[in-house]
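Written out below as structure tokens is the structure these notes cover.
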Amino acid sequence: QVQLVESGGGLVQPGGSLRLSCAASGSFFRINAMAWYRQAPGKERELVASIIRGVTTNYADSVKGRFSISRDTAKNTVFLQMNSLKPEDTAVYYCNAAIMKTVTSESITMWGQGTQVTVSS
């Protein structure tokens, strides 16, 4: 059974930093892409950042220049370094991965359980 487990959320003051981690465990052939989404109260879930094949990155305009996504391919882990945090970054952050379970299977989308990030003084 493949699982995504997030860690690193918490409470931080405006201007502070946090680093989120998401590790994929279980049996699978390959992870094609990993991403972070977030959902604030009363709002739809939105893409924050993504990384494809560990190389190509993409960011939401609202976090460009402040957040950085990276991946440790050997450890099947993705990180989100969040700097210069703002109150509007407050949300539950979800890890997302496109995973091939076998060499011949199609890619499936998996989600982590979410981790709360609160930016407040």
Please give me the minimum heavy-atom distance between [X] and [Y], naming the atom from each residue.
X      : Y      : result
Val117 : Gly9   : CG2-CA, 4.2 Å
Pro14  : Ser120 : CD-C, 3.6 Å
Tyr93  : Asp89  : OH-O, 2.6 Å
Gln116 : Thr90  : NE2-CG2, 4.0 Å
Leu18  : Leu85  : N-CD1, 3.8 Å
Cys95  : Val78  : SG-CG1, 3.9 Å

Atom [atom1] in [X], atom [atom2] in [Y]: separation rounded to 0.5 Å?
X      : Y      : atom1 : atom2 : answer
Ser21  : Lys75  : OG    : NZ    : 10.5 Å
Thr56  : Ile69  : OG1   : CD1   : 11.5 Å
Tyr37  : Glu44  : OH    : CD    : 12.5 Å
Ile52  : Thr57  : CD1   : OG1   : 9.0 Å
Met34  : Arg53  : CE    : CZ    : 14.0 Å
Lys101 : Ser107 : NZ    : OG    : 11.0 Å

Has the side chain of [X] got a donor or acceptor atom that lies under 3.5 Å from a matching backbone atom of [Y]?
X     : Y      : result
Glu6  : Gly114 : yes
Ser62 : Ala60  : no
Arg30 : Met100 : no

Determine whether [X] and [Y] fall in the same hydrophobic cluster, where Ile, Leu, Val, Met, Phe, Trp and Tyr are linked whenever their side-chain heavy atoms lie under 4.5 Å apart.
X      : Y      : answer
Ile108 : Ile51  : yes
Leu20  : Val92  : no
Val63  : Val119 : yes

Trace of the side-chain contact (heavy atoms from CB on, under 4.5 Å) decision for Phe67 with Asn83: CA-CA 6 Å; Phe67 291 11; Asn83 300 325; 6.0 Å; no
Within 6.0 Å of CD in Glu106, more than 12 heavy atoms from elsewhere: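 No, the 6.0 Å shell around CD holds no more than 12 heavy atoms from other groups.
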Axial cation check for Tyr94 ring with Arg38, 6.0 Å and 45° limits: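 Geometry flag: not set, cation outside 6.0 Å or 45°.
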NZ or CZ of Arg71 within 45° of Phe79 ring axis and under 6.0 Å: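 Relative to the ring axis of Phe79, which defines the angle, Arg71 lies outside at least one limit.
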Non-hydrogen side-chain atoms of Arg19 and Leu80 separated by less than 4.5 Å: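 With C-beta onward as the side chain, the pair stays apart.
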Student check: side-chain heavy atoms of Lys86 and Arg66 closer than 4.5 Å: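 The answer is yes, as the side chains (C-beta and beyond) meet within the 4.5 Å cut-off.
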side-chain contact (heavy atoms from CB on, under 4.5 Å) between Ile31 and Asn76, worked out: CA-CA 8 Å; Ile31 299 176; Asn76 296 314; 3.9 Å; yes
Criterion side-chain contact (heavy atoms from CB on, under 4.5 Å) on Val48 and Tyr59, from CA distance to verdict: CA-CA 6 Å; Val48 176; Tyr59 296 92; over 6 Å; no
Test: Asp61 and Lys64 ion pair at under 4.0 Å: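 Judged by the 4.0 Å cut-off on N to carboxylate O distance, Asp61 and Lys64 do form a salt bridge.
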Gln81 vs Ser17, side-chain contact (heavy atoms from CB on, under 4.5 Å): CA-CA, chis, key distance, verdict: CA-CA 7 Å; Gln81 178 65 45; Ser17 298; 4.0 Å; yes
